[in-house]
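Below: the structure, in structure tokens.
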Protein chains: 2
Amino acid sequence: MKLSTRTRYAMRAMLELANGYGKGPLQTRVIAKNQDISTKYLEQIMSALKSTGLIRSQRGAKGGYILANPPEKIKLSDVFDVFEGPVVTVECVANENYCSRSADCVAKQVWGEVQRAVRNVLQSTTLQDVIDKAKITKSDYQI
Amino acid sequence: MKLSTRTRYAMRAMLELANGYGKGPLQTRVIAKNQDISTKYLEQIMSALKSTGLIRSQRGAKGGYILANPPEKIKLSDVFDVFEGPVVTVECVANENYCSRSADCVAKQVWGEVQRAVRNVLQSTTLQDVIDKAKITKSDYQI
DNA sequence: ACTATACCTACTGCTATAATGGGAATAGTA
DNA sequence: TACTATTCCCATTATAGCAGTAGGTATAGT
């Protein structure tokens with residue numbers, strides 16, 4: 001159950017944007033360099049983040065991306081869901097009609113609990129929470 | 001972050017074995033039929049489960065598989081780990097030297113929390129727990 | 001005009017997944 | 001002994017998704 005690099009890159013990019021929130025747009029190129037990510041690949045990721053409404057863009061020179069909402073309003077689950085779907089698990093948890101065993105299936109319940117555990121962590125934490133945590137634990141922090 | 005079908009099949013097969021624990025070996029063919037899984041594919045999965053020591057086999061006619069330990073001694077995480085590795089997340093969480101940002105990386109901490117949440121669910125539940133739950137909620141249960 | 005940026009589309013190599021298939025070794029049974 | 005049901009072992013395949021590359025267009029600032 002690995003995370004895709006897309007999700008990891010997306011999270012790191014969003015944390016960069018959160019960190020620079022209020023200081024104008026941040027460019028893909030800059031984020032890519034800071035995070036040591038392929039610029040071209042990150043471009044696609046930013047595009048996806050934009051299409052879900054998490055970030056806004058400014059085209060042209062001095063353009064870039066900014067968060068669509070303040071970092072304390074963006075939950076980690078918002079970012080996570082862009083590429084990992086509605087979280088973890090199994091088709092049968094989401095779709096009641098997926099399989100004939102559905103009603104009685106206990107395996108389904110197990111995966112449902114795992115799903116809730118993950119969601120609980122990601123929904124109860126905002127980008128701002130993460131930034132704050134970093135500032136507390138490290139003066140010389142990095143994201 | 002989908003689960004592989006291997007893991008889902010493995011879990012269902014283990015639950016079948018748990019359900020029939022003490023009644024002699026259960027055959028791949030039977031499990032496959034009950035669970036509507038390709039027999040040949042399940043064969044490989046059973047082989048992997050055996051090689052990790054979770055189940056034992058009896059070859060030849062009237063053979064099959066049995067749990068290596070009673071169902072109350074087998075945690076769901078034992079089954080999960082066979083195919084999903086040491087759980088969720090990201091190389092940098094497991095390997096301290098994976099990336100130069102490691103020491104200060106807050107993204108890493110996020111994924112670490114997710115990992116712990118998942119492990120917590122899977123380590124605190126045994127096969128027997130799941131069977132019991134099914135018996136309570138349904139007289140006509142199915143796994 | 002020039003430049004830096006977002007934006008768009010297509011392609012590529014790679015790997016893992018989810019099977020399928022054939023057959024050998026083993027053990028019970030008639 | 002012959003027969004049969006099983007585990008066991010190995011190879012092959014089709015597909016899909018991931019991660020990344022590439023080239024170009026539209027837009028905005030200077």
Side-chain angles (χ1 to χ4, degrees), chain A residues 1-13 16-17 20 24-68 80 82-85 89-91 99, chain B residues 1-13 16-17 20 24-68 80 82-85 89-91 99:
Chain A
M1 198 155 71
K2 267 190 195 166
L3 287 170
S4 63
T5 65
R6 280 186 304 182
T7 295
R8 299 189 293 114
Y9 291 173
M11 194 64 82
R12 283 153 65 186
E16 286 250 343
L17 290 177
L26 203 52
Q27 295 80 37
T28 301
R29 183 179 47 80
V30 172
I31 299 173
K33 196 181 179 190
N34 287 351
Q35 295 291 332
D36 199 23
I37 295 170
S38 150
T39 302
K40 274 299 197 179
Y41 192 36
L42 184 59
E43 245 180 36
Q44 295 171 36
I45 292 166
M46 300 306 283
S47 171
L49 291 171
K50 193 202 165 187
S51 75
T52 64
L54 284 176
I55 59 179
R56 294 210 195 96
S57 65
Q58 169 72 35
R59 298 185 67 166
K62 298 284 172 85
Y65 292 97
I66 56 170
L67 297 183
F80 187 87
V82 173
F83 294 112
E84 302 295 334
T89 68
V90 169
E91 186 61 21
C99 120
Chain B
M1 198 156 70
K2 268 190 194 166
L3 287 171
S4 64
T5 66
R6 280 186 304 181
T7 296
R8 298 190 293 114
Y9 291 174
M11 194 65 81
R12 283 153 65 186
E16 286 252 341
L17 291 177
L26 203 53
Q27 295 79 37
T28 301
R29 184 179 48 77
V30 173
I31 299 173
K33 194 179 179 189
N34 287 351
Q35 294 291 332
D36 199 23
I37 296 171
S38 149
T39 302
K40 273 300 197 178
Y41 192 35
L42 185 58
E43 246 181 34
Q44 294 172 36
I45 291 166
M46 300 305 282
S47 172
L49 290 170
K50 193 203 164 188
S51 75
T52 64
L54 284 176
I55 59 179
R56 295 210 195 95
S57 64
Q58 169 72 34
R59 298 184 68 167
K62 299 281 172 89
Y65 292 97
I66 56 170
L67 296 182
F80 187 87
V82 173
F83 294 113
E84 302 294 335
T89 67
V90 169
E91 186 61 21
C99 121

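Just so we're clear, the structure is a prediction, and the values are computed from it rather than from any experiment. To find a chain, count down the sequence lines: A is the first, B the second, and so on, and within it residues start at 1.
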Non-hydrogen side-chain atoms of [X] and [Y] separated by less than 4.5 Å:
{"X": "A/Lys62", "Y": "A/Pro25", "result": "no"}
{"X": "B/Met46", "Y": "B/Ile31", "result": "yes"}
{"X": "A/Ile66", "Y": "A/Gln58", "result": "no"}
{"X": "B/Thr5", "Y": "B/Tyr41", "result": "yes"}

Whole Å only: how far is the [atom1] atom of [X] from the [atom2] atom of [N]?
{"X": "A/Ile66", "N": "C/dA6", "atom1": "CD1", "atom2": "P", "result": "12 Å"}
{"X": "A/Glu84", "N": "D/dC18", "atom1": "CD", "atom2": "C1'", "result": "11 Å"}
{"X": "A/Arg12", "N": "D/dA19", "atom1": "CZ", "atom2": "C1'", "result": "14 Å"}
{"X": "B/Lys2", "N": "D/dC18", "atom1": "NZ", "atom2": "C1'", "result": "14 Å"}
{"X": "B/Arg6", "N": "D/dA16", "atom1": "CZ", "atom2": "C1'", "result": "15 Å"}
{"X": "B/Leu26", "N": "D/dT6", "atom1": "CG", "atom2": "P", "result": "11 Å"}

Strictly distance-based, threshold 3.5 Å: is any side-chain N or O of A/Arg12 a donor or acceptor partner for the main-chain N or O of A/Gln35?
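At least one qualifying donor-acceptor pair exists.
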Considering non-hydrogen atoms only, spot the tightest contact between [X] and [Y] and give its length.
{"X": "B/Thr28", "Y": "B/Glu43", "result": "CG2-N, 3.9 Å"}
{"X": "B/Thr7", "Y": "B/Glu84", "result": "OG1-OE2, 2.6 Å"}
{"X": "B/Glu16", "Y": "B/Leu26", "result": "O-CD2, 3.9 Å"}
{"X": "B/Thr39", "Y": "B/Ala32", "result": "OG1-CB, 3.5 Å"}

Can you sort out which residues in residues 54-63 of chain A have a heavy atom within less than 4.0 Å of DNA chain C? Ascending by number, please.
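When residues 54-63 of chain A is checked for heavy atoms under 4.0 Å from DNA chain C, the hits, listed by number, are A/Ser57, A/Gln58, A/Arg59, A/Gly60, A/Ala61.
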OP1 or OP2 of [N] under 4.0 Å from side-chain N/O of [X]:
{"X": "A/Thr28", "N": "C/dA6", "answer": "yes"}
{"X": "B/Ser38", "N": "C/dT20", "answer": "yes"}
{"X": "B/Arg29", "N": "D/dT6", "answer": "yes"}
{"X": "A/Tyr9", "N": "D/dG20", "answer": "yes"}

Select from B/Gln27 and A/Thr7 the residue whose nearest nucleotide in DNA chain D is closer to the 5' end of that strand.
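Result: B/Gln27.
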Within residues 40-50 of chain B, find the residues that approach DNA chain D with a heavy atom at under 4.0 Å, and present them sorted by residue number.
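Of all residues in residues 40-50 of chain B, the ones placing a heavy atom under 4.0 Å from DNA chain D are B/Lys40, B/Glu43, B/Gln44, B/Lys50.
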